[in-house]
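Order of the sequence lines fixes the chain letters, A, B, ..., with proteins taken first and strands second; residue numbering starts at 1 for each chain.
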Amino acid sequence: MMPVVLWTDALIFLLVAGLAGLVALVHRHEHLAAPWRRIAADPVAVSAAVVLLAFTAIAVLDSLHYRPALPPGPHGEVQYAPEVKSALDRLLAPLAERQEKTYSAPFATRLYAKEVIILADDSTVRDYPRLQHGGAHLAAPDAGLATDVALRAAAGLVLAVAAWLLLVLALRKRLRRQQFAGGALLYTLLALLVAAGVLAALAPHYHVFGTDKVGQDVLYASLKSIRTGVLIGALTTLVTLPLAIGLGVSAGYFGGRIDDAVQYLYTTLNAIPGVLLIAAAVLLMQTQLETHPDWFETGAERADLRLLFLCLILGMTNWTGLARLLRGETLKVRELDYVVAARAFGVSDGRILLRHILPNVQHIVLISVVMDFSGLVLAEAVLSYVGVGVDPGMLSFGNMINGARLELAREPVVWWQLAAAFTFMFILVLAANLFADCVRDALDPRSRRQA
Amino acid sequence: MSGLRIDGLKVEIEAGAVPVDGVSLAIEGDECVVLLGESGCGKSLTALALMRLLPEGVRIAAGVASLDGEDLFALPERRMRALRGGRLAMIFQEPMTSLNPVLSIGQQVEESLAAHRGLAGRAARAEAGRLLEAVGLAADRLDAYPSQLSGGQRQRALIAMMLAGEPEVLIADEPTTALDVTVQAQILRLLKDLQRQRGMGLLLITHDLDVARDMADRVAVMYAGQIVEWATRERLYGAPLHPYTRRLFRVLPSAARRGEPLEQIAGRVPAADAALVGCRFAERCDLAVEACRREPQALREVAPGHWLRCGVVDVNSSQPNPGPRAGEGGAVGVPPGSATVLELRDLKVHFPIRKGLLRRVAGQVKAVDGVSLAIRAGETLALVGESGCGKTTLARAALRLIEPTAGEILLAGEAIGGLAGEALRRRRTAMQIVFQDPFSSLNPRMRVGDIVAEGLAALRPDIDGMARAARVAELLDRVGLPRDAAGRYPHEFSGGQRQRVAIARALAVQPRLLVCDEPTSALDVSVQAQILNLLAELQREQGLAYLFITHNLPVVGYLAHRVAVMYQGRIVEEGEAGALLSAPGHEYTRMLLESAPGRGLKG
């Protein structure tokens, strides 16, 4: 097997490393750690953080890419498969490989469309055929389905609870700290474990969320979409931050011509409809990519570059809000006496920006990053829906919704694809929003309630 | 039972602190009672509790308050609402935020009239006009918006609003603290007149001993949530009994104390959540005996109408003002023949007013308009003037923090007006600044040690890390901060300690001139004394020159060698401190001196 590091993989690892570095930094400085301790004491924040971490873990797993080795060629040379797999694919292999012909409903044992079936006596009948994988182990699917599902779910539940109890025993001592919402942590873990346990018990035998048009398991598609969503949210922020901080802070600090220039820039950018700009850029990019198929060894690399480019263009259109906030805050901070005192010492502008301005506006950056994350996840869905989002071959919530939209008009309706995408996205965005609220409460001096 | 009575008021914060602990007061129908105390002693919370406007998380734990026999704390909220702004009204410190900026003054007064007296339409407008005239505003200001009024006018408008409900008792929480002295004198005069004419009770909350002396019929001195002394003004100012009150009088700077160090109150006010058993002042009191710390002291009547919460002090010995203290302090003579450190020649700072699409310069704000000054080593030059007169702009221009429009700045005889870059940076070691607000002057994200070392790092790159740390430790020691301060963050320190950090930061680069921009006006009087003593000591030791910006005339009299009075960007009078303060030549100086509180209200 050959490890493959896609552009976005590298960036997501960089991001994780950066976050770990930040955590270490915060841990060492009392004044930085204090607000986070307030966050850690808030049950809602802790629950949301656990959910977010779970999603991130899936995304990171899905970013460990490799190309599986093929059997050695005739001259003994090593060959690799053309398609790129990830660690998550390996874990979910039973799901990914169990393709049906086309749509099937959640927990169905039969296909959603009638087919001509050839019976043993060579006569044909038009009926819903049995699925190749979903419920294939049942002899009499119509009678035994409910009991079988219930039994397997119960087994998964029991396993999950047992795992949780073990976890509680292991963590018991460490969680009994003051000012930490340990209960919230444990109960969120319980919910996650139960969900994972039940799904793990059922998924190998049924299509829990049904299958899509080409017979792919929807649960698998949803899990694979998580990486795309998280990536769009996280990487776009990585693009916006340097622009927003650099331009916003220098506009506020230096004022004059620089301020005028930055303001013109962002008012102009704001005046162009964002979707239009994104659509234009993405379509240009698409043509480029399609005319140069030789640039990429695999389809995954092309899809990845397109995703990266989407993050870039989203970032280019999204930095203005934060820049405006930072400019305002910098205008305020630069007039404070400690900045004047630093100037009286002849401290250089660069050092003033680094030591006096940035640390005192960083709460705004943090709040806005966490708040923007959920907006970007949703933006991906909308953009892919209109066809200017990620590569159609890449699994994403937007593509799932896009694929499901026509089927909503079918009778009976194919609802599960939309429902699964909606559920996963809803949980991710809700967790991000709740966490953002808590971060803002803890960091923003204006919203802090005095006891 | 006319007037407002408070009995055993106790205010509690959810976390368990008791910032107001058993306050009892009575305000007769037509007297002015002053609640006097330093910041954080619970005086504002007492007032808010009376109005039942305590912030969330703070509640009345015990006590009774009655207005004309009506129990304020038992009224349903609906009745209380009618009473608030009606029979019991309150004005706040900040006239900028107590008026709604999008409603005209007239609308706001009329709103009050409609709510409390049922007046509407033409009748309300006529009455609003009368009220404005009663507070000294022209009736045509009814249509003005708050932004069109000055601070003093806004405070007058607010008073008019409060008078609309014809209050029996008016609570004024530091109503003049945000105002200039001349305006303060007018507002105090107005409040006193209104109180007398209308026969209403006035509960004035202040930290200013001189304001209290001018206004009060009776004074209650508050300390750490309790009233420690409660007497008529004559008794309290003539023969204060409580050790705290006595010391408060002695820490005040004045021209009479020139040349002696100010007395200091050691230690600090106990935190509101500290478990206090005995007398709360015991830790800082030089008369305290063992019993003071163990047993709570009760408020007892030591003479008719004179209540005291102290069991130790001899109530029969009236303590006159203390004699001079041993040692040197305050302003000593300028060493003869000392060189001129800073000289300004015809300095001008004009800010252009730009208008229109092309931002053409339409006019100039002449913040500093031709100022010439000279300061010698070891000399304190006080720059006195009201807000907006250009004194801060002048100081910053002298330090080259703002570009002067014209004029010369001579630092030790060398013109630095045209210098830039490295040349200017090197000169910056010679002049430093200490700011008014000890909270905004220290970067909250930096440790105290780094803050003090910042100047050294920028201006003396030749000093290495070890030597720098040693110098920081020495400086912190010099300004009287504990050794471990270097590793801590500013928020762990009190206002006075922060001001010491700011002084240490400025001293780090061994300046010859220190610009002190109102360094004590945000501090309590007991802390002010400590800072002024420190500044005087440093001047004696190091021959520092001070450009001391202030509006506090007693501080000027105590500390300054020479005084320059600034008005509308110009120096209108300059001279030797003693002579100028006793015989002012310029009309504006005379007005400033007469407006200073503590001389009785004129007119």
Using modelled atom types only, decide if a donor and an acceptor are shared between the side chain of [X] and the backbone of [Y] within a distance under 3.5 Å.
X         : Y         : value
Arg327(A) : Ala251(A) : no
Arg400(B) : Ile416(B) : yes
Arg38(A)  : Ala34(A)  : no
Arg505(B) : Glu454(B) : no
Thr405(B) : His350(B) : yes

Just give me the residue among Arg396(B), Arg425(B), Gln432(B), Arg427(B) that pairs up with chain A most often, heavy atom to heavy atom, under 4.5 Å.
->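 Top count of heavy-atom pairs under 4.5 Å with chain A: Gln432(B).
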
Determine the option with the most heavy-atom pairs under 4.5 angstrom with chain A, choosing from Ala458(B), Ala457(B), Gly455(B).
->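 Ranked by heavy-atom pairs under 4.5 Å with chain A, first place is Gly455(B).
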
What part of [X] gets within 4.5 angstrom of chain A, counting heavy atoms only: side chain, backbone, both, or neither?
X         : result
Arg445(B) : both
Ile433(B) : side chain
Asp517(B) : neither

